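I have placed the structure first, in the form of structure tokens, so that the comments after it can refer back to it.
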Amino acid sequence: MPELPEVETTRLSFAHRIEGARVVDVRMGKPLRWPLGCDALALRQNHVGSVTRRGKYLWLPLRVADEDEAAGGGLLMHLGMSGSLAFRDQVDHPGKHDHFDLVTTKGTLRLTDPRRFGAVVWSPSLTTGSAAKLLANLGVEPFDPAFTGLQLHGALRRRKVAVKTALLAGDIVVGAGNIYACEALFTAGIDPRLRSDKLSKPRSERLCQAVRSTLAQALRLGGSTLRDFRDAHGMAGEFQSHAQVYARAGQPCTVCATPIRKIVQGQRSTFFCATCQTR
DNA sequence: CTGGGCTCCTGTCAGC
DNA sequence: TGCTGACAGGAGCCCA
């Protein structure tokens with residue numbers, strides 16, 4: 001589910017409210033993708049710092065306030081395919097898909113994740129331990145000035161996979177998942193099947209701009225709510241109704257009316273317009 | 001090192 | 001209405 005716009009929308013919706021809170025209790029539900037990596041009770045008395053994002057991961061820094069239950073470090077969170085976070089003053093008894101509650105003096109942060117591909121992992125810091133390992137192979141942030149057409153061209157030149165697959169891999173540029181990779185390629189007018197190393201510099205420049213503009217537009221619209229995405233206030237996103245190709249197989253292209261095609265690349269569906277995406 | 005395929009898990013929907 | 005199979009926003013891991 002959550003690609004960069006959804007993760008960032010989530011972060012913006014609760015980061016300012018949880019900052020400075022003291023952890024009062026922690027509740028774990030069914031196992032998530034990885035174990036927490038520390039004693040959950042050791043998180044109590046820690047203070048939550050400023051929540052940041054790297055790719056599709058969120059980082060909740062913790063500061064030790066009471067040496068008895070010291071954890072420090074922070075929590076690296078990932079929403080997987082079906083995860084969402086809610087931050088509420090008061091939470092109900094956990095439902096069957098609520099697998100993590102961080103109860104704080106300012107409210108409770110709850111991870112709901114039916115498929116449990118998501119994760120909450122403790123790490124001593126962002127640059128050491130499990131966080132460092134999980135973030136090690138991430139590509140550049142799409143809104144970082146270091147992400148340029150030239151840089152993208154250089155990275156794609158060394159791959160032979162389809163450009164769509166290379167975008168999804170996240171080790172060149174982070175943030176574009178299946179929806180936004182499809183949408184960015186449409187905006188750039190590039191065939192998703194094109195081999196990465198066949199992208200010219202002008203095409204790479206267009207793709208760079210398209211990745212950025214697509215993610216920026218999605219961010220303005222609060223992400224995409226296909227089924228169950230909500231930000232931490234429970235607000236749905238609006239991007240899905242602006243999608244030009246994603247989930248529109250058989251429907252007319254908004255530009256040229258050619259029916260949108262659906263193919264499979266690397267076990268993921270790709271949607272594209274065979275007329276518009278040839279430049 | 002690269003690329004392809006599998007896997008984790010649950011819910012939903014199309015088709016019979 | 002009930003069953004079965006395909007598919008879903010991610011990404012780590014294993015093997016060729």
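The shown structure was predicted, so the numbers you read here are calculated from the model rather than taken from an experiment. Residue numbers begin at 1 in each chain, while the letters A, B, ... track the order of the sequences.
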All side-chain contact (heavy atoms from CB on, under 4.5 Å) counterparts of Pro35(A), not counting sequence neighbours:
none
Can you list, by residue number, the residues of residues 165-178 of chain A that have a non-hydrogen atom closer than 4.0 angstrom to DNA chain C?
Gly177(A), Asn178(A)
Would you check, one step at a time, whether the test side-chain contact (heavy atoms from CB on, under 4.5 Å) holds for Leu36(A) with Leu75(A)?
CA-CA 9 Å; Leu36(A) 180 61; Leu75(A) 295 175; 4.0 Å; yes
Answer with base, sugar-phosphate or nothing: what part of the nucleic acid does Arg159(A) contact at a heavy-atom distance below 4.0 Å?
sugar-phosphate
Whole-Å distance separating the CD1 atom of Ile263(A) from the C1' atom of dC7(C):
16 Å
Linking Ile, Leu, Val, Met, Phe, Trp and Tyr by side-chain heavy atoms under 4.5 Å, what else ends up with Val103(A)?
Val24(A)
Please compare Lys160(A) and Arg227(A) by the position of their nearest nucleotide in DNA chain B and report the one closer to 5'.
Lys160(A)
How would you list, by chain and number, every residue that makes a salt bridge (Lys or Arg N to Asp or Glu O under 4.0 Å) with Arg206(A), sequence neighbours excluded?
none
Answer yes or no: does a side-chain N or O of Tyr57(A) lie under 4.0 Å from OP1 or OP2 of dG10(C)?
no
Name all pairs fulfilling the ring pair (Phe, Tyr, Trp, His ring centres under 6.0 Å) condition that reach into residues 17-57 of chain A, sequence neighbours left out, sorted by first residue then second.
Tyr57(A)-His78(A)
Under 4.0 Å, counting only non-hydrogen atoms across every strand here, what does Phe239(A) touch: a base, just sugar-phosphate, or nothing?
nothing
So the salt bridge (Lys or Arg N to Asp or Glu O under 4.0 Å) pairs with at least one residue in residues 162-173 of chain A (sequence neighbours excluded) are Arg159(A)-Asp171(A)
Which whole-number value in Å describes the distance from His242(A) NE2 to dG9(C) P?
20 Å
Going by the rule side-chain contact (heavy atoms from CB on, under 4.5 Å), which residues pair with Arg157(A) if we only count those two or more places apart in sequence or in a different chain?
His153(A)
Rounded to whole Å, the CG-C1' distance (Asp228(A) to dT12(B)) equals 11 Å
Among pairs that include at least one residue of residues 133-152 of chain A, which meet ring pair (Phe, Tyr, Trp, His ring centres under 6.0 Å), considering only residues two or more places apart or in two chains?
none
In short, Ala210(A) meets Ala184(A) closest at the heavy-atom pair CB-O, 3.3 Å
Give a yes/no answer on whether the side chain of Lys56(A) brings an N or O atom under 4.0 Å of OP1 or OP2 in dG12(C).
no
Dot-bracket summary - DNA chain B, pairs being Watson-Crick or G-U whose distances fall under 3.5 Å, with | when paired to another strand
.|||||||.|||||||
Between atom CG in Leu156(A) and atom P in dT2(B), what is the gap in whole Å?
13 Å
Suppose the criterion is ring pair (Phe, Tyr, Trp, His ring centres under 6.0 Å): which pairs have a residue in residues 248-279 of chain A, not counting sequence neighbours?
Tyr246(A)-Phe271(A)
dC1(B) phosphate, OP1 or OP2, under 4.0 Å from Arg158(A) side-chain N/O
no
Arg268(A) CZ to dA8(C) C1', in whole Å, measures 8 Å
Would you mind reading off the distance between Arg54(A) atom CZ and dA11(C) atom P, rounded to a whole angstrom?
12 Å
Expressed in angstrom and rounded to an integer, what is the separation of Phe271(A) atom CZ from dA8(C) atom P?
6 Å
Using the ring pair (Phe, Tyr, Trp, His ring centres under 6.0 Å) rule, collect all pairs that involve residues 2-22 of chain A, keeping only residues at least two apart or in two chains.
none
Just how far is it from atom CD1 of Ile263(A) to atom CZ of Arg268(A), taken to the nearest 0.5 Å?
13.5 Å
Between the protein and nucleotides 6-10 of chain B, which nitrogen or oxygen pairs come in under 3.5 angstrom?
| residue | atom | partner | partner atom | Å |
| --- | --- | --- | --- | --- |
| dC9(B) | O4' | Arg115(A) | O | 3.4 |
| dC9(B) | O3' | Arg116(A) | NH2 | 2.7 |
| dC9(B) | O2 | Arg115(A) | NE | 3.0 |
| dC9(B) | N3 | Arg115(A) | NH2 | 3.4 |
| dT10(B) | OP1 | Lys30(A) | NZ | 3.4 |
| dT10(B) | OP1 | Arg116(A) | NH2 | 2.8 |
| dT10(B) | O4' | Pro114(A) | O | 3.4 |

In whole angstrom, what separates Arg248(A)'s CZ from dA8(C)'s P?
17 Å
Integer angstrom distance from the P of dG3(B) to that of dG9(C):
22 Å
